[in-house]
Engineer: 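This is the structure I want to talk about, given as structure tokens.
The model shown is predicted, which means the values in this text are computed figures rather than measured ones. Residue numbers start from 1 in every chain, and the chains themselves are labelled A, B, ... in the order their sequence lines are given, proteins ahead of strands.
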Protein chains: 4
Amino acid sequence: MSKKLVLQLPDQPGTHPVKISDTVACGGKDLWIIAGPCAVESEEQLTAVAQTLQKNQVQSIRGGAFKPRTSPYSFQGMGEEGLKLLNKMKDQYGLTVVTEVMSETQIPLMMEYADVMQVGSRNMHNFNLLKALGEIRKPVLLKRGLAATIDEFLWAAEYVLAGGNDQLILCERGIRSFDTITRNVLDLGGVSVLKHTTHCPVVVDPSHAAGRRDIVADLAKAAVGVGADGLMIEIHPSPDDSVSDADQALSFDSFTKLMDSLRPLAEAMGRHLGTEQRTSAVKTA
Amino acid sequence: MSKKLVLQLPDQPGTHPVKISDTVACGGKDLWIIAGPCAVESEEQLTAVAQTLQKNQVQSIRGGAFKPRTSPYSFQGMGEEGLKLLNKMKDQYGLTVVTEVMSETQIPLMMEYADVMQVGSRNMHNFNLLKALGEIRKPVLLKRGLAATIDEFLWAAEYVLAGGNDQLILCERGIRSFDTITRNVLDLGGVSVLKHTTHCPVVVDPSHAAGRRDIVADLAKAAVGVGADGLMIEIHPSPDDSVSDADQALSFDSFTKLMDSLRPLAEAMGRHLGTEQRTSAVKTA
Amino acid sequence: MSKKLVLQLPDQPGTHPVKISDTVACGGKDLWIIAGPCAVESEEQLTAVAQTLQKNQVQSIRGGAFKPRTSPYSFQGMGEEGLKLLNKMKDQYGLTVVTEVMSETQIPLMMEYADVMQVGSRNMHNFNLLKALGEIRKPVLLKRGLAATIDEFLWAAEYVLAGGNDQLILCERGIRSFDTITRNVLDLGGVSVLKHTTHCPVVVDPSHAAGRRDIVADLAKAAVGVGADGLMIEIHPSPDDSVSDADQALSFDSFTKLMDSLRPLAEAMGRHLGTEQRTSAVKTA
Amino acid sequence: MSKKLVLQLPDQPGTHPVKISDTVACGGKDLWIIAGPCAVESEEQLTAVAQTLQKNQVQSIRGGAFKPRTSPYSFQGMGEEGLKLLNKMKDQYGLTVVTEVMSETQIPLMMEYADVMQVGSRNMHNFNLLKALGEIRKPVLLKRGLAATIDEFLWAAEYVLAGGNDQLILCERGIRSFDTITRNVLDLGGVSVLKHTTHCPVVVDPSHAAGRRDIVADLAKAAVGVGADGLMIEIHPSPDDSVSDADQALSFDSFTKLMDSLRPLAEAMGRHLGTEQRTSAVKTA
């Protein structure tokens, strides 16, 4: 197939930042941090998370309202109610909202609630969804499929860009390997290739790569070292009680410690961690 | 997660056949053969295919009307027109029709045209699609994701079964490996495990596993040896001119030769190749 | 690297049989069956095995005297005493002996006892060993590395052939994948490629591929279907008591049943299972 | 198998440094840098390399004298002459020498010339070699097999430690994956697990992981971020003319630039890059 990808670097090399809100962008000097629980569980949970994010100058909250689960008998998410809770956090804590869209039929609903629409790994090759996301004009965060080559990842990205939506952020979250000691293998070489060959910002999700919380901080530091434009990290008020992905969520204390340890690394890389004023219109702070 | 899978073998072990038409089933003594082009291209192409199938006592024709393609710039399929052509073959040659459904939004259309709805590898984890297919009452052929474990495959199957649709056929089509000498690695050990632990019929697609036509026949024989209930094989009137998957499609001659060589193997396995009277109401034969 | 491989098919296509003894060969019409325990444990064990092999017209006995073990604290083999026991079986039951050589320093010892020197998967890239085996004039059975590409496998084979030893048999024994439901994934597509592109006989080890005895028979049948020239199968008088690889060894009953079920398949493939007169000079029979 | 590994962390957690020379260690505050060509080619080549290392405070020179090559027809190394050249660099530039041992039969020769004996990826499961290295009293740098799990890597390490040689350094150099856009995938999550669960220092080889020079620097930074104790980097006076691994070797300029960019990162991690006084008895400096 011919390789004239829209997302390949044109005459002007370098990353083209994607605007998340009036004050938040991904791909500039500020590292874009997204944190939150795997799934939205309750207002109490989300409020505790949001307060922790605000303290750490984190720009965006994540949380699944519709959850792709391996088993049909696992918790499938709170649905629209979850989206409403995420929006409440946005209003109260000035956080932008990242949440997953699982089907093109959910897009109209998501347009109301999400600042960034996430496509999960399992849907990276859901071409009907990708085409539909090419038609909208909102940032899309596309996660790499867990056994997708970088080339396939670029072609999936191309589906969105070819539709005219150039607000695309790529996310590496670990690929499947033969070793089960970690849930996946974080492919930071892939991140480097993406940074050198496309104009899209690239963020890293060390939590899903690790699948175990003891190495999330190390992998987050490695991601900053490799030159990622942001990090997506799972946190939970009480990680062991998380309804999903309990093994990999960080506690608030661990997360705060991680943010503190990332700051000097970010500076050494010529970046800044987080954004002081996170949204243009924060009602409460 | 608890492992009370609907598809696990209950008191009565063995494969429960799935009925495709009044005269065709998958999972009984007759091996179910599905053959045809990767994509429906024209009436001429499909007619030539159908005549070859009829001569070889093949029960079902395959052909994509909606095609999941890595690149957005590749041919995306003929759409509904392709479905109509497939149905014409059904009427004229007594073939049952297997074709891919890519999104839950296409199901109503497919209900009119398809005898078996195929879920492709890339959509094995498209949970919204799987849930919707659990609601219908037509056979579903679920292909294993190219990096899905057998456990994940079973859970995806469970999404369909949990919805109440028990007409489910599993299909192994090769998994991704580190070696590029074949497109994928056909996991016949996985087929054996599926046969021993579930009541679903299991078919094998040697064409997508191989990705090169010189080894398709050998893999088809291996699949019969391992105990598969059927085979899905790509053929094309002029393989090198195929709009997609040109490298793996068999010519009509090679396909006929393969069918002939499979017959004694099938007999040695206590099976029969193909079905003489393929549909109850064949208009022309 | 240039691809003028000695083992690539020259003007005369087809498999060139390798002579194991005056009456046994691999690569001709007779399928070459090697069976035995993972490790030689005792004379009682080996005698019981040898009698079972004799009854089933199996040509060769296998059994490790030097064992490559993941842990240094696991049983490392009986050493030379094990080799002597294997030779006793040869004398008493007319079986040819296949056993593993782990280092070039063991070759002189092996020359006395082994009819076929096996190179294990973990040593496929032990180039010093491969070079030394190129210098001898005895059959070598080279197992594919568990993550070696077919190309790398061919180059490893080339090390032996380039030294002047053309008595080389290739063995597929499963490759490493992301799925742990089977120990490895048997790559029968790779076997087909090897058969079509080299003049070396190719045998298959379904036991190590499976890692679980319930699917060994199915995989053995698949291997015959794909066109393999032989099978290597682990059996044990009391599988659960095996000092190594207990999960995959077949009982004598299961093995006999497997041999019986392979016969019609072999015939359907134009082959014959086993060899009636297995060695030229059998002392007892 | 029981998991009482000698190398598991005992009561005193943390990394136990391995002494390379009187002034150089691996596992302390100083990051241990090893650089040099894939293969020793000539005195001119090695001298140019050594001068570049000296300027950048690099502690050790690497270079293969015996080369494990996929093809028997590729350059197999200069042998002992190469070892002598490495030693000349040691004398003249105060560099410690890291070079690969391919067989237990080479150990006596290596004892004369090498400060650190490297076991390559392809030999990680060469148990005869590992056992022999357990008997010596010199540092061993053990590279992870390209498809070895972390558990298997630990057991291979245990072979050396069980023999009584506790001067062991582990090296992650990328694992095999389905994607060919990089040669291997650098498993920094594995590095983190090794650091948290063993007392061995862990170094990273970004060059073999990358297989392409444009991303070596990014991966080196990631390795420092994850907490590695050192880096092994391929450099060459004229990378494109390298007799092996030409695609991944850095030029001297690129290497110097990389060292400069690593310094602030190392400081941010509480480490120091290189060692000012590299050996106790440097003849020329």
Engineer: Roughly how far, to the nearest 0.5 Å, is CG of D/L129 from OG of C/S103?
Structural biologist: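 One finds 9.0 Å between OG of C/S103 and CG of D/L129.
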Engineer: Measure the shortest side-chain to side-chain distance between D/K131 and C/Q76 over non-hydrogen atoms and say whether it is less than 4.5 angstrom.
Structural biologist: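 SC-SC contact between D/K131 and C/Q76 confirmed.
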Engineer: Should the pair C/E152-D/R176 be classified as a salt bridge under the 4.0 Å nitrogen-to-oxygen rule?
Structural biologist: yes
Engineer: Can you find a heavy atom in the side chain of C/R69 that is under 4.5 Å from one in the side chain of D/F127?
Structural biologist: no
Engineer: Measuring only between side-chain heavy atoms, which start at C-beta, is C/T105 closer than 4.5 Å to D/E104?
Structural biologist: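 Of all side-chain heavy-atom pairs linking D/E104 with C/T105, at least one is under 4.5 Å.
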Engineer: Could you tell me whether the side chains of D/S71 and C/E158 share a donor-acceptor contact shorter than 3.5 Å?
Structural biologist: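 Per modelled atom types, D/S71 and C/E158 side chains form no pair under 3.5 Å.
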Engineer: If we only count heavy atoms from C-beta on, is the C/Y73 to D/W155 side-chain gap below 4.5 Å?
Structural biologist: yes
Engineer: Among D/A162, D/G163, D/P72, single out the residue with the greatest number of heavy-atom pairs under 4.5 Å to chain C.
Structural biologist: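 That would be D/P72.
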Engineer: Under a 4.5 Å heavy-atom cut-off, does chain C meet the side chain of D/S177, its backbone, both or neither?
Structural biologist: neither
Engineer: Taking side chain as everything from C-beta outward and backbone as N, CA, C, O, which of these in D/N126 sits under 4.5 Å from a heavy atom of chain C? Side chain, backbone, both or neither.
Structural biologist: both
Engineer: Quick one: pull up CZ in D/F153 and OG1 in C/T70 and give me the separation to the nearest 0.5 Å.
Structural biologist: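 The distance works out to 14.5 Å.
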